[in-house]
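A short worksheet on the structure shown next.
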Amino acid sequence: MSQLFPSALLETLRKARSIAVLTGAGISAESGVPTFRDAQTGLWAKFKPEELATAEAFLRNPKMVWEWYRYRFDMVRTVQPNPGHYALAEMERRVSEFTLVTQNIDGLHQKAGSRNVQELHGNIQRYKCFEDNQAVESWAPTEEMPPKCPRCGGMIRPDIVWFGESLPDGPYVAAHMASETCDVFFSIGTSAVVFPAAALPGMALRAGAVVVEINPERTPLTAQATYVFQMPSGQLLPELVKAAWGAVDSSKQ
Ligand code: BJW
């Protein structure tokens, strides 16, 4: 597969001082986590986002929204990183500055060994109080759905970012800075339609970075990206890392 990669790209990667990566649901597809918008298999092929992924939906029907996230929590707990996640962890070991910005809430990048991971949309394995947004670590066993905050009695919700909610400051600032200062920016497995994450590749382009998109389908970014690989990331990324820096350490997989 190495003949797939232009030598100019490999040279740019080897020389890069700073790499930023934006990932979306597609990078976890080969781990068995459904994407959101794929026509047949996407999570929202059957459910409308506005019925499940907003604070208004939670207030309207907290039990249904809680059960939806419990179902996904149980699924995410059983899945494992795929070769795409491991290849990004390996890439981080080869570059002096590396920022992995993810829209995913599944924690698979950390499980694969990535260290500088900025979670823009939160993490399904953390909880917070709906009333005051403070973290909730545990609560007394209960059949109640959703359970109640042990401090104030408010409803407990997953610590993820729904539509209309602000992104967490720290990860968003880090993502912004990495996009504006990187030499190479990767957009991997995202439909590039949800803002503000979808604005990051444009920031990188305007700042002069080489932008690489990896996605089997076209997106609004495709026409502007410097290099486009229309392939599954779990197949392409290990080959790209190998072509640029040498063999991926298989003991880490
Ligand atoms: C593969 C593959 C393989 C498959 N290999 N690839 C500016 C303009 C217009 C609208 C807005 C704007 N600014 C803000 C908005 C509103 C809104 C928004 O963007 N709406 C758009 C839909 C139009 N944004 C927000 O509300 C955000 N908040 C915000 O901006 O705050 C400021 C504000 C406050 C108050 C009022 C207004 C603004 C918050 C966004 C939160 C997003 N949350 C979700 C749900 C999380 C909870 C949950 O999980 O249930 O996050 S939405 C959902 O989409 C999820 C994802 O992280 C996100 C992105 O999806 P992603 O990852 O791209 O997945 P898919 O399925 O779309 O794509 C997968 C891709 O993978 C596909 O392209 C496949 O081809 C590909 N693929 N197999 C590689 N093997």
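Read the numbers this way: they start at 1 and go in the same order the structure lists the ligands and their atoms. Worth knowing before you read on, the calculation uses all heavy atoms, side chains too, and leaves out hydrogens, waters and symmetry mates.
With sequence neighbours excluded, the residues forming a side chain to side chain donor-acceptor pair (under 3.5 Å) with D106 are S28, listed by chain and number. With sequence neighbours left out, R115 forms a side-chain contact (heavy atoms from CB on, under 4.5 Å) with E92.
Side-chain contact of S114 with H85: a donor-acceptor pair under 3.5 Å is absent, judged by distance alone.
Screening residues 111-142 for ring-ring contact (aromatic ring centres under 6.0 Å, His included), with sequence neighbours left out, gives F58-F130, W66-Y127, Y127-W139.
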Worksheet item: Does the side chain to side chain donor-acceptor pair (under 3.5 Å) test come out yes or no for Q103 and T190, once each step is laid out?
Response: CA-CA 9 Å; Q103 299 168 85; T190 175; 3.0 Å; yes

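Using the six-membered ring where Trp is involved, Y227 and F229 have ring planes that are parallel, under 30° apart on the 30 and 60° scheme.
Annotation: ligand 1 has protein neighbours G24, A25, G26, A29, E30, T35, F36, R37, D38, W44, Y69, R72, Q103, I105, H121, I160, V161, W162, F163, G164, E165, S166, L167, G189, T190, S191, V193, V194, F195, P196, N215, P216, E217, P232, S233, each with a heavy atom less than 4.0 angstrom from the ligand.
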